[in-house]
Amino acid sequence: MSADSQPGSAALIERRGIEIVPESERTARPRDLFWPWFAANVSVFGMSYGSFLLGFGISLWQATVVAIIGIVVSFALCGLIAIAGKRGSAPTMVLSRAAFGVRGQKIPGIVSWLTSIGWETSLTITAVLATTTVLHALGWVGADGDVAVHLIATVLVAALIVGASVLGYHTIMKLQSVLTWLTGAFTILFLILTVNSIDWTKAFAHPDGTLAQTIGALVMVMTGFGLGWINIAADWSRYQKRTASDSQIVAWNTIGGSVAPIVLVFFGLLLAGSNDKLSAAVAADPIGALATLLPTWALFPFLIVAILTLVSGAVLGIYSSGLTLLSLGIRIPRPAAAAVDGVILTIGTIVVVFFAQNFIGPFQSFLITLGVPMAAWAGILIADILRRKKDYDDEALFDARGRYGAWDGVAIGTLVVASVIGWGFVINNFAEAAPWNNWQGYFLGVIGGKDGEWAYANLGVFFALVLGFVVTWFARAGRIRRQEQA
């Protein structure tokens with residue numbers, strides 16, 4: 001299977017699924033990557049990370065350094081994955097077949113699908129909770145109207161996300177370019193309106209944390225930003241020309257994803273460091289807590305823009321999770337795959353909003369757990385991409401008898417071993433909120449135990465990423481060379 005005859009930008013709904021994008025439709029430029037990544041990460045939700053980072057017990061300057069390094073490095077890793085999209089003109093999880101085998105790829109594919117669904121559900125939940133909080137602040141709804149507001153907000157937000165995802169790549173790219181200007185402008189206004197809430201002396205008075213606490217914060221930033229998107233990075237570069245510069249692909253991916261979060265997280269650090277009550281409230285309702293700092297007249301436009309920024313990020317994920325579903329062998333049209341994931345997103349949102357007592361705790365626990373195998377997969381695929389000198393064999397990506405084979409034992413074994421080791425060196429920071437995750441940390445005894453200083457550093461994510469890369473770089477070098485000579 002290679003290219004199909006579906007029109008690219010001519011049709012209202014993109015019907016191309018996981019097929020190779022034909023050369024005539026590869027018209028995107030590297031700088032076009034700025035729009036989806038900026039729009040998806042300009043959300044004021046990024047300010048909430050100020051509270052999360054200070055929660056590790058580190059100072060404001062340490063948190064600032066951690067935020068800059070974690071955000072830039074993690075989105076640069078996304079950029080490396082995006083190179084594969086340019087070389088192969090196919091979705092990320094299809095291109096990953098070159099490393100894991102056409103059938104073996106289903107193993108990390110399932111983890112990727114769960115990651116995307118979880119991320120987008122969390123963004124939807126945040127939008128729904130923010131809607132209720134802001135409407136309460138405006139006095140437009142009382143406590144007895146919460147159920148109706150939750151239901152209406154869930155339906156509307158999910159409809160926006162699924163609708164854009166069903167329309168597809170070209171619509172999303174246009175939407176993101178518009179949202180970039182709209183949300184960027186209002187975010188600047190939010191910063192201006194809340195700058196008086198900063199107590200500079202108190203914010204900078206937080207004492208320094210230990211090396212272990214700092215690394216723990218760094219891991220959270222990386223998993224919360226770039227590593228949270230890494231499994232879909234090539235989906236947005238597959239319409240790039242094969243002649244596009246690899247370095248420009250990486251640069252625009254990194255710039256687009258990093259610029260807004262760095263500013264937002266730093267401002268969030270100043271706000272959270274100034275107000276203990278605000279910092280605590282962020283755990284329950286990130287956007288709603290920040291809205292309490294605004295004058296009444298700004299609340300409703302703030303709500304609209306906050307929802308749009310969250311929708312912007314969720315659209316990328318649901319679109320890509322639909323492609324991942326197709327790569328797993330589900331034989332339905334791409335728009336239908338996006339719709340299926342949208343239904344799952346809606347159900348998940350309803351369950352959490354109406355029945356969960358705490359959202360952020362389980363969410364962060366979820367991030368670290370799936371972040372381990374995703375980090376291992378990323379290390380494997382990045383090494384595979386950097387080792388290759390030629391474009392992918394389009395036909396072989398869909399043929400288990402082709403040069404990439406059905407299963408790659410080395411890659412799959414590396415993923416499993418790196419994940420097992422990684423999970424052994426992470427701990428569930430939210431044992432009460434997410435008790436289902438208390439099985440991790442079984443190797444922490446070698447570095448002080450579950451109560452030791454390094455327990456909450458979540459070194460397992462780093463271990464999985466580095467181990468996946470190093471083993472693949474050396475162990476699969478010969479196999480990659482033979483694949484390219486076939």
Side-chain angles (χ1 to χ4, degrees), residues 16-19 40 78 81-82 84-85 90-125 158 161-162 164-166 168-169 172 223-224 226-236 238 313-349 351-352 362-363 365-378 380-381 397-398 407 411-412 415-416 418-419 423 436-437 464 468:
R16 174 163 289 105
I18 60 174
E19 301 86 0
C78 281
I81 297 290
T92 313
M93 288 300 148
V94 171
L95 298 169
S96 185
R97 292 173 177 176
F100 290 88
V102 175
R103 294 174 183 162
Q105 168 54 30
K106 292 182 180 181
I107 296 174
I110 292 172
V111 177
S112 174
W113 182 76
L114 289 172
T115 300
S116 293
I117 287 292
W119 259 110
E120 308 342 311
T121 301
S122 71
L123 291 175
T124 306
I125 292 166
I161 295 170
V162 177
S165 302
V166 167
Y169 171 86
I172 293 172
T223 55
L227 291 184
W229 298 104
I230 201 164
N231 59 314
I232 69 172
D235 297 358
W236 303 98
R238 74 190 201 279
V315 164
L316 296 192
I318 289 299
Y319 174 82
S320 290
S321 69
L323 294 176
T324 301
L325 197 62
L326 297 179
S327 75
L328 294 175
I330 307 299
R331 298 184 179 277
I332 56 177
R334 187 208 61 79
V340 168
D341 285 349
V343 170
I344 296 173
L345 172 149
T346 304
I347 294 173
T349 300
V351 170
V352 173
F363 172 57
S365 184
F366 161 83
L367 277 182
I368 292 297
T369 301
L370 291 187
V372 169
M374 276 290 93
W377 168 85
I380 293 167
L381 190 58
L397 288 170
F398 298 90
W407 304 84
I412 295 171
L415 176 69
V416 172
S419 297
W423 281 324
W436 44 269
N437 232 359

side-chain contact (heavy atoms from CB on, under 4.5 Å) for Trp119 and Leu370? Distances and angles first, verdict last.
CA-CA 11 Å; Trp119 259 110; Leu370 291 187; over 6 Å; no

Between the CD1 atom in Ile110 and the OG1 atom in Thr324, the distance rounded to the nearest 0.5 Å is 11.0 Å

Qualifying residues under ring pair (Phe, Tyr, Trp, His ring centres under 6.0 Å), relative to Trp423, sequence neighbours excluded:
Trp439

Counterpart residues, side chain to side chain contact (heavy atoms under 4.5 Å, CB included), relative to Ile332 (two or more places apart)
Leu326, Ile330, Ala336, Ala337, Val340

Ile318 versus Glu120, closest heavy-atom pair with distance:
N-CG, 3.6 Å

Minimal heavy-atom distance between Glu19 and Phe398, with the atoms involved, is CA-CZ, 4.2 Å

Is any side-chain heavy atom of Ser320 less than 4.5 Å from a side-chain heavy atom of Trp229?
no

If you measure from CZ on Arg16 to CG on Leu323, what distance do you get to the nearest 0.5 Å?
11.5 Å

Do Leu114 and Ile117 have side-chain heavy atoms sitting under 4.5 Å apart?
no

Qualifying residues under side chain to side chain donor-acceptor pair (under 3.5 Å), relative to Thr115, sequence neighbours excluded:
none

With sequence neighbours left out, what residues match Ala376 under side chain to side chain contact (heavy atoms under 4.5 Å, CB included)?
Leu415, Ala418, Ser419, Ala464

Would you say Ser112's side chain and Pro108's backbone share a donor-acceptor pair under 3.5 angstrom?
no

Can you see which heavy atom on Gly226 is nearest to which on Cys78, and at what distance?
O-SG, 3.0 Å

State the CG-CD1 distance between Leu316 and Ile232, to the nearest 0.5 angstrom.
5.5 Å

side-chain contact (heavy atoms from CB on, under 4.5 Å) for Ile172 and Trp236? Distances and angles first, verdict last.
CA-CA 10 Å; Ile172 293 172; Trp236 303 98; 3.7 Å; yes

Measure across Lys106 and Leu328 and return the closest heavy-atom pair with its distance rounded to 0.1 Å.
CE-O, 3.4 Å

How long is the span from the CG atom in Leu325 to the CD1 atom in Ile18, to the nearest 0.5 Å?
10.0 Å

Ser116 side-chain N/O to Trp113 backbone N/O, donor-acceptor pair under 3.5 Å:
no

As an exercise, state the distance from CD1 of Ile161 to CG of Leu123, rounded to the nearest 0.5 Å.
7.5 Å

Identify all side-chain donor-acceptor contacts of residues 91-100 below 3.5 Å with residues at least two apart in sequence or on another chain.
residue	atom	partner	partner atom	Å
Thr92	OG1	Ala234	N	3.0
Thr92	OG1	Asp235	N	3.2
Thr92	OG1	Asp235	OD1	2.8
Ser96	OG	Gln105	OE1	2.6
Ser96	OG	Trp377	NE1	2.9
Arg97	NH1	Leu397	O	2.9
Arg97	NH2	Ser327	O	3.0

Atom OG in Ser165, atom CG in Asp341: separation rounded to 0.5 Å?
9.0 Å

